[in-house]
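One structure below.
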There are 2 protein chains.
Amino acid sequence: MKKNITIYDISKALGLSASSVSRALKDHPRISIKTKELVKKKAKELGYKPNQIAASLRTGASSIVGVIIPTIHHNFFSKVISGLEEVLAQNNLATIITQSHESLDKEKANLDVLLNTHVLGVIASISKQTQNLDHFKRLLNRNIPVIIFDRTTKNPITNSVVVDDFTGAYKATEHLIQNGYKRIAHFTVSFNLHIYQERMRGYRSALEDHGMAFDPDLVLEVNSDIEQGKMAAQKLIRLPDPPDAIFSSSDYSALGAMQFLKEKGIEVPGEFGIVGFSNETFTEHVTPSITTVDQKPLLMGKEIGLTFLGLIKREGDPFNPIIKKLVIEPDLLVRESSARKKNESPKKH
Amino acid sequence: MKKNITIYDISKALGLSASSVSRALKDHPRISIKTKELVKKKAKELGYKPNQIAASLRTGASSIVGVIIPTIHHNFFSKVISGLEEVLAQNNLATIITQSHESLDKEKANLDVLLNTHVLGVIASISKQTQNLDHFKRLLNRNIPVIIFDRTTKNPITNSVVVDDFTGAYKATEHLIQNGYKRIAHFTVSFNLHIYQERMRGYRSALEDHGMAFDPDLVLEVNSDIEQGKMAAQKLIRLPDPPDAIFSSSDYSALGAMQFLKEKGIEVPGEFGIVGFSNETFTEHVTPSITTVDQKPLLMGKEIGLTFLGLIKREGDPFNPIIKKLVIEPDLLVRESSARKKNESPKKH
DNA sequence: CTGTTAGCGCGTTCAA
DNA sequence: TTGAACGCGCTAACAG
């Protein structure tokens, strides 16, 4: 059990005071260049590592950023984290990751843990149960920066980084219309969450702009899950007037629907078009490959990191009521599952 | 900016000393039940939250566990983290995640960050460049527990949790043999890393046990990447005596190979068998679905968490030379890509 | 069973 | 430009 080197050890070795060492290490302006060099050299020589814990206790701030996400093993979230962690690490900030598992209680509990750890700030994407951002106000009151990304509420109380869900959904639906599909259904993951409401709004708007009626019977709430997608597709084709395409807010339920249709001998994309959302890895590799909306998660993670750095650098400004919203434009990735020729008329089934 | 409630505030409110409050909160045995109740009630009333930073500085240990992995956005790693985080969170431990991006330097830098954060312990899977575990010795010398999982070296210097790669590879190869494939190639991700050496050993052993020759020309070092898989498959079929099956240590290169063969009109599994490794999400959903080895990452994460908890609970034992290795048996998931009937003779191509 | 005292390592007054 | 002294909040000796 080796003892750690402290500023004390190096102050003794140099015949200086601990405070001078502290200042020299931090490039304090009122320390002579010579002393600074001396101290830094000695520090390296002795293998000095600053004790962040002690610094945290003293200053009340750490170099740890807390993250709360619903689940880490979704392609989208793990890629966002990846981009975020890259930017933060470059700035010597560590990242604590916690999962809410779609539970509001867990989300609140995680917030407690992060607060107790004295995180520099919190970056979160809310759970399916979360209806408002009130529990984040505690942090804002203490001037701890909070960024909400992707899943947020309608009225932001803090900075956010989101995808333009409306436009992504609009493009996806319009693409189906332009490829000759006449009756387009929609799978929404949750009627509650704002991002899914936005996607539904984009879907509806595209329909109406192209003179197609919005039919509530064609909108189903379907979990992001293959089995649920299958069951929902079954419901749809049993309708008196069934659709010939689905725009799904989830790639998983899109895949489930596609598998169900295949089993029933309904041809995708010939008879039935499918578009998903999120660009999960499998969408590119299934047969037929699935047209989907790419939210650029890696870019999003980096942007979140940059936004965060901007927030903490402006620390002299204790009361900063400017709430910014960064919107990333998603891309429609056109693949096979929606490729019916424009004027090809569908077979009856 | 509200001030935090400290044990001092509650000691004053109750006319007790701070240390009694501290002890009461920690359920110290030599505190009266009455006092404990009083203190806890007051604590809740005032909204007291323990300051972990101060506790860390005092005790030298935090309630944060550090994790180092090559990359978070691989299904396997994100699922391991998910399982691990679940177990640790249940025990009020937070998880810091860092990525090495397959670089030894980054791995070492991450270790520094974690040490400065005074983590309780470190859980790591080493990068492709990492040849030995020397940089982890600093932690062990300070009696900080370290667990290495999945990717480790041949000679462990600390506890580890791994998959039985040899057996997984053996089962995969044997399965191809039993399905009538006669000349089986192997993609290894890296000749350096022990886990891949083990898989190669399993491959070789299965061949030899079934009277088939091991041919070094059929073993290629291929990155875990679709494009690389395509190129490697091309090399293989250009051989004077080409193989009729591949056992790949990566699902990604397995998929690449399969795509290449499809393009060339070579039928999978009829003419050519393919088995991958890791059970990436897409393997189940591509056409044909890919037979692969499931490493049970969620279970693995939980086991790592449990092992870790065992390690830190035994804190009174400063010198503990017992190095344990927990080995998880992987499952072979038989799917379509390897389903040639046992005695069907292959077409020539 | 409870109180007193001290110190973890650092950053920041204040004073020189 | 530098040093002395203090305290962030908590826990662990030691003492009673």
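Chain letters run A, B, ... following the sequence lines, proteins first, then strands; residues in each count from 1.
One atom, CG of A/L25, and another, P of C/dG9, lie 15 Å apart when rounded to the nearest Å. If you measure from atom NE2 of B/H28 to atom C1' of C/dG3, you get 13 Å, rounded to the nearest angstrom. Between the CD1 atom of B/I53 and the P atom of D/dT11 there is a distance of 13 Å, given to the nearest Å. Nucleotide C/dG9 holds its P atom 15 Å from the CD1 atom of A/I10, rounded to whole Å. To the nearest angstrom, P of D/dG9 lies 11 Å from CD1 of B/I5. Rounded to a whole Å, the NE2 atom of B/H118 is 18 Å from the P atom of D/dC10. When the C1' atom of D/dC10 is taken as reference, atom NZ of B/K26 falls 10 Å away, rounded to whole Å.
In this structure, the side chain of A/S62 engages the main chain of A/I64 through a donor-acceptor pair within 3.5 Å.
Looking at A/V119 and A/V65, their side chains never come closer than 4.5 Å, going by heavy atoms from C-beta outward.
When heavy atoms are screened at a 4.0 angstrom cut-off, B/L16 is found touching the sugar-phosphate backbone but no base atom. No engagement by B/S56 is indicated, since no non-hydrogen atom pair under 4.0 Å with the nucleic acid exists. Looking at heavy-atom distances under 4.0 Å, A/L57 makes contact with a base. The residue A/S32 sits close only to the backbone: its heavy atoms come under 4.0 Å of sugar-phosphate atoms, none of a base.
The aromatic rings of A/F149 and A/F77 sit perpendicular, their planes meeting at an angle over 60°, well past the 30° parallel limit.
Under 3.5 Å, the side chains of A/H118 and B/Q52 contain no donor-acceptor pair of N or O atoms. Between the side chains of B/S32 and B/T35, a donor-acceptor pair is found at a separation under 3.5 Å. Side chain to side chain, B/S22 and B/S19 fail the donor-acceptor criterion of an N or O pair below 3.5 Å. Remark: the A/S82 side chain and the B/H73 side chain contain an N/O donor-acceptor pair separated by less than 3.5 Å.
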Tabulate protein N/O versus nucleotide N/O from nucleotides 4-7 of chain D, keeping only pairs under 3.5 Å, one per line.
residue : atom : partner : partner atom : Å
D/dA4   : N6   : A/S19   : OG           : 3.3

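Residue whose closest nucleotide on DNA chain C sits further toward the 5' end, between B/T59 and A/S20: B/T59. Sequence order on DNA chain C of the closest nucleotides to B/A54 and B/I31 puts B/I31 first from the 5' end.
An angle of 40°, rounded to 10°, separates the two end axes of the helix from C/dC1-D/dG16 to C/dA16-D/dT1, each defined over five pairs.
The salt bridge (charged side-chain N to carboxylate O under 4.0 Å, His left out) check on B/K49 picks up A/D112, with sequence neighbours excluded.
Salt bridge status for B/K108 with B/D105: absent, with no side-chain N to carboxylate O gap under 4.0 Å. Between B/K40 and B/E37 there is no salt bridge, since none of the side-chain N atoms of the basic residue sits less than 4.0 Å from a carboxylate O of the acidic one.
B/T35 has a side-chain polar atom (N or O) that falls below the 4.0 Å cut-off from OP1 or OP2 of C/dT2. At C/dG7, none of the side-chain N or O atoms of A/Y8 fall inside 4.0 Å of OP1 or OP2 (strictly under the cut-off).
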